[in-house]
Amino acid sequence: KLGTHVVIHDGEVAAERVGNIVQGLVRLRRAGHDVVLVSSGAVGMGMRLLGMKTRPRSLGMRQACAAVGQGHLMGYYAKAFSSLGVVAAQVLLTHDDLGDRDRALCLRTTLMRLLELGSIPVLNENDSVSVRELVEYRRREGAEVSSPVFGDNDGLSARVAVALDADLLVMLSNVDGLLTANPAVDPSAQRIAELPSVDEQALARAMGSSSAGTGGMGSKLEAARLATGEGTAVVIANGGTPDILDKIIAGEDAGTL
Ligand code: GLU
């Protein structure tokens with residue numbers, strides 16, 4: 001899963017960074033792994049195309065940006081994958097789709113067929129009809145742990161991973177992983193290489209350490225809790241690290257497992 005801050009730089013697809021990740025995905029595909037990409041960036045691209053300098057405050061405007069940006073984002077992926085001989089496929093979906101048994105089964109079947117065909121599915125939330133992850137992530141003091149709120153496709157990627165019985169979910173953002181403290185407050189903050197389970201203490205720490213994207217670390221840990229609870233391992237890592245997917249699959253010390 002690629003967050004907005006990995007995909008977009010100055011309103012454009014960060015071609016070098018995303019291109020490196022696309023190459024990594026194709027290498028994994030060729031090595032026999034089934035890979036599905038969940039990518040944000042539609043709102044960010046739409047903003048530039050509509051001449052907006054700052055993220056609109058109105059939800060409807062962000063949905064409009066996504067409607068403009070998604071086609072261009074997918075155009076980038078279609079070209080980038082095709083230049084490496086892989087056919088990309090676009091699937092836009094909502095949390096409601098995943099919560100409905102029939103629709104979730106349809107999604108699973110579609111994705112399975114695409115993978116059999118050698119394609120790489122590229123998923124995003126259908127922001128124009130669903131705003132579950134378009135609103136900024138907030139985990140209010142005392143909020144129901146059973147009903148977490150996600151942002152920037154974090155929750156969507158976890159639910160897709162669960163629907164596919166995925167072995168591994170890799171969430172790439174612009175931070176190295178979960179840190180011991182907020183680096184802005186505590187410069188000695190260290191990356192945590194492995195977190196045995198996502199407990200309340202880890203969630204509380206993440207809430208204080210997050211500035212990245214609309215999802216942030218709290219949203220990522222909530223998503224990690226959802227996925228790991230169903231048997232999918234999760235790695236949170238920096239999408240700007242070259243060949244990050246190869247490093248993770250090789251078991252190198254990268255990000256937070
Ligand atoms: N699905 C959205 C996108 O692709 C999430 C990012 C956002 O909230 O800006 O742009």
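Read the numbers this way: they start at 1 and go in the same order the structure lists the ligands and their atoms. These figures come from a predicted structure and were not determined experimentally.
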Legend entry - ligand 1 contact on Val43 by region, counting heavy-atom pairs under 4.0 Å: both
Inset, instruction - Between Arg55 and ligand 1, find which residue part has any heavy-atom pair under 4.0 Å and reply side chain, backbone, both or neither. - result: side chain
Legend entry - Passing candidate, side-chain hydrogen bond (donor to acceptor under 3.5 Å, both in side chains) with Arg191, options Thr256, Asp253, Asp176: Asp253
Inset, instruction - Under 4.0 Å from a heavy atom of Asp127: give me the atoms of ligand 1 that qualify, with their elements. - result: 1 (N), 2 (C), 3 (C), 4 (O)
Inset, instruction - Would you tell me which option among Gly69, Ala66, Gly41 has the nearest heavy-atom contact to atom 3 (C) of ligand 1? - result: Gly41
Inset, instruction - Could you list all the side-chain hydrogen bond (donor to acceptor under 3.5 Å, both in side chains) pairs where at least one residue sits in residues 13-25, not counting sequence neighbours? - result: Asn20-Asp243
Inset, instruction - Would you name the heavy atoms of Ser128 and Ala67 that are closest together and state the gap between them? - result: OG-CB, 3.6 Å
Legend entry - Flag if over 12 foreign heavy atoms under 6.0 Å of CE, Met52: yes
Legend entry - Short N or O distance, Asp152 and ligand 1, threshold 3.5 Å exclusive: no
Inset, instruction - Pull out every atom of ligand 1 sitting under 4.0 Å from any heavy atom of Thr4, numbered as shown with elements. - result: 6 (C)
Legend entry - Within-cut-off N or O pair, Ser39 and ligand 1, under 3.5 Å: no
Inset, instruction - Determine whether Thr4 and Val43 make a side-chain contact, defined as any pair of heavy atoms from C-beta on separated by less than 4.5 Å. - result: no
Legend entry - Per-atom contacts, ligand 1 versus Asn124 - under 4.0 Å to a heavy atom: 1 (N), 3 (C), 4 (O)
Legend entry - Inter- and intrachain pairs under side-chain hydrogen bond (donor to acceptor under 3.5 Å, both in side chains), touching residues 81-90, at least two apart: Gln70-Gln90
